[in-house]
Chemist: 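Take this structure first; my questions come after.
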Amino acid sequence: MSGEHGGPAASIAAEVRHVETLLEQRGLVNSAELDTALQAFLARANPANGARVAARAWLDADFRARLLTDANESLADLGLSMGGGLQEQRLKVVQNTEDVHNVIVCTLCSCYPIALLGPSPTWYKSEAYRSRVVREPRAVLAEFGFALDPATAITVWDASAESRYLVLPRRPAGTENLDEHELAALVTRNGLIGVAAI
Amino acid sequence: MTERFAPGERVRTSRVDPSHHTRLPRYARGAVGTVVEIQGSYPLPDDRARGVASEPEPVYTVRFTARELFGGGEHSVTVDVWQTHLRRCDDAGNGNP
C-alpha cells in the first residue's frame with residue numbers, strides 16, 4: 001500500500017495528540033517548547049515569502065540562475081530558509097516558460113513548501129486534486145479557471161520523497177516599470193503552486 | 001550507498017506491492033522513466049515506517065510520460081524515487097522489475 005494518509009482530520013489530530021503525549025511522558029519533548037517552536041515557525045511561514053522569491057527572480061538574472069540550481073542556498077539572499085522543522089528540507093524551484101508549465105502535488109499525502117507558502121490550502125490535500133492533477137492536469141487547471149495555452153506542455157512534480165517544490169511563474173506582461181515590492185504584490189499562492197497564472 | 005544511476009539514464013520502477021508503507025506511488029510502479037537529477041541520500045521510509053534500520057540511499061527525480069503511466073495524455077510527471085525502487089533498463093524498456 002502507498003500509505004493512506006487520508007481520513008477524518010479529527011482522528012488524525014487525536015493520533016497526533018496521543019503521540020505528543022507519549023513523547024512528553026518520556027521526557028523527549030516539552031509541550032511549551034513545542035508550542036513555541038510551532039508558533040514561531042508558522043509566524044514566519046507565509047505566501048509572502050514565496051512571492052518575494054518570485055519577484056527577486058524576475059528582476060535578478062543571477063539570483064534566478066542560482067535559485068534554479070541550488071534553491072536552498074539562494075534563499076539566504078532574502079533572509080529565508082527551508083529550516084524551521086526538524087531538518088532543513090531540500091527545495092526545488094521549477095520555472096514556467098512559454099513552452100513548459102509546472103504544477104506541484106504530493107499524491108501520497110500533502111508535502112508542501114510551508115516555509116515559503118504557509119499552511120497548504122484544503123483543496124491541495126484533497127484526494128480529488130492529488131489523484132486527478134497527475135492524470136489530467138489541463139482539465140484540473142481549467143477548473144481553477146486557468147486556460148493554459150494548448151501549445152504549452154505540462155510537467156507535474158509529485159513530491160513523493162524529501163524535496164519540496166515551488167513554481168516560478170512567468171512574469172506578467174506590462175510590469176517592466178514595477179519594482180520588487182510591487183511585483184511581489186502581484187504573486188499569488190496558487191501561482192506558486194502552478195494552478196494559476198500571475 | 002553509492003549512486004547507481006546518472007541523469008539522462010533510463011530506469012524502470014519496481015512492481016512491488018508490499019503490505020507495508022512504501023513511498024513508490026502505485027501509479028508509478030513498473031514504469032519506465034528518465035532520471036532528471038539526484039536529490040541526495042535519505043533513509044528509506046518503507047523501512048523506517050516499520051522500525052527497520054535504514055542507511056541513507058540516493059533519491060532520484062524521475063520523469064515519466066503520461067502515456068507510460070496512464071496510457072494517454074501529453075504531459076509528463078516527475079516522481080521522487082528511492083534507489084531501492086529503481087532498476088536499470090535498456091532503450092526498449094526492458095529491465096528486471
Side-chain angles (χ1 to χ4, degrees), chain A residues 1-6 68-73 82 86-94 96 99-111 127 130-142 148-165 167 194, chain B residues 7 13-31 33-50 54 56-86:
Chain A
M1 65 184 191
S2 299
E4 186 45 67
H5 296 197
L68 297 174
T69 51
D70 185 351
N72 293 72
E73 189 267 339
M82 290 297 284
L86 290 174
Q87 60 185 31
E88 180 172 353
Q89 294 170 320
R90 175 179 182 269
L91 176 69
K92 176 70 180 176
V93 176
V94 289
N96 288 346
D99 299 324
V100 181
H101 179 82
N102 299 285
V103 188
I104 63 174
V105 66
C106 169
T107 61
L108 292 179
C109 46
S110 56
C111 297
E127 284 193 22
R130 286 158 44 206
S131 59
R132 289 188 55 218
V133 79
V134 288
R135 284 178 181 266
E136 43 174 358
R138 208 172 288 272
V140 171
L141 295 184
L148 186 68
D149 185 332
T152 303
I154 299 177
T155 299
V156 182
W157 301 79
D158 185 356
S160 50
E162 308 299 329
S163 292
R164 299 295 175 265
Y165 293 89
V167 173
Chain B
T13 57
S14 68
R15 291 201 185 98
V16 290
D17 187 15
S19 56
H20 55 75
H21 171 77
T22 176
R23 283 292 186 87
L24 180 60
R26 184 174 294 275
Y27 74 87
R29 292 185 196 164
T34 305
V35 173
V36 175
E37 66 177 347
I38 301 163
Q39 300 187 359
S41 289
Y42 303 90
L44 182 67
D46 306 35
D47 289 338
R48 294 179 76 197
R50 291 179 293 154
S54 173
E57 62 172 83
V59 174
Y60 302 85
T61 309
V62 182
R63 181 184 293 270
F64 303 91
T65 64
R67 197 167 298 277
E68 169 72 7
L69 296 176
F70 308 117
E74 299 303 317
H75 61 285
S76 63
V77 180
T78 75
V79 182
D80 303 338
V81 190
W82 267 264
Q83 185 159 280
T84 289
H85 296 308
L86 291 177

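Letters A, B, ... mirror the listed sequences (proteins, then strands); counts begin at 1. Remember, it's a predicted structure, so these values are computed and weren't measured experimentally.
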Chemist: If every non-hydrogen atom of A/Val105 is compared with every non-hydrogen atom of A/Arg130, which pair is closest and at what distance?
Modeler: CG2-CA, 3.8 Å
Chemist: Taking all non-hydrogen atoms of both residues into account, name the closest pair between B/Ser54 and B/Arg48 and its distance.
Modeler: CB-CG, 4.2 Å
Chemist: Given heavy-atom pairs under 4.5 angstrom as the criterion, report whether the side chain, backbone, both or neither of A/Thr107 touches chain B.
Modeler: side chain
Chemist: Where is the tightest heavy-atom contact between A/Ser160 and B/Trp82, given as atom of each residue plus distance?
Modeler: O-CZ3, 3.8 Å
Chemist: Testing the basics here: between B/Arg15 and B/Arg29, what is the closest heavy-atom pair and its distance to 0.1 Å?
Modeler: CA-CB, 4.4 Å
Chemist: Under the side-chain hydrogen bond (donor to acceptor under 3.5 Å, both in side chains) rule, what do A/Asp158 and B/Tyr27 come out as? Steps first, then yes or no, please.
Modeler: CA-CA 11 Å; A/Asp158 185 356; B/Tyr27 74 87; 2.6 Å; yes
Chemist: Counting C-beta onward and ignoring hydrogens, is there a side-chain heavy-atom pair between A/Asp70 and A/Asn72 closer than 4.5 Å?
Modeler: yes
Chemist: Give me the contact list for residues 34-47 of chain B versus chain A, heavy atoms only, anything under 4.5 Å, ordered by residue number.
Modeler: B/Glu37, B/Gln39, B/Tyr42, B/Pro45
Chemist: Below 4.5 Å, heavy-atom pairs only: which of A/Val133, A/Val103, A/Ile154, A/Val100 has the largest tally toward chain B?
Modeler: A/Ile154
Chemist: Are B/Thr13 and B/Leu86 packed together at the side-chain level, in the sense that at least one heavy-atom pair is separated by less than 4.5 angstrom?
Modeler: yes
Chemist: For the NE2 atom of B/His75 and the CZ atom of A/Arg135, what is their distance to the nearest 0.5 Å?
Modeler: 9.0 Å
Chemist: Pull out the residues in residues 59-71 of chain B that come under 4.5 Å of chain A, heavy atom to heavy atom, sorted by number.
Modeler: B/Val59, B/Thr61, B/Arg63, B/Phe70
Chemist: Among the options A/Ser131, A/Ala161, A/Ala153, pick out the one with the most heavy-atom pairs lying under 4.5 Å from chain B.
Modeler: A/Ala161
Chemist: Determine the minimum heavy-atom distance between A/Asn102 and A/Val167, stating which atoms define it.
Modeler: O-CG2, 3.6 Å
Chemist: Please tell me if the side chains of B/Asp80 and A/Glu162 come closer than 4.5 Å, counting only heavy atoms from C-beta onward.
Modeler: no
Chemist: Which heavy atom in B/Thr22 sits nearest to a heavy atom in A/Leu108, and how many Å separate them?
Modeler: O-CD1, 4.3 Å
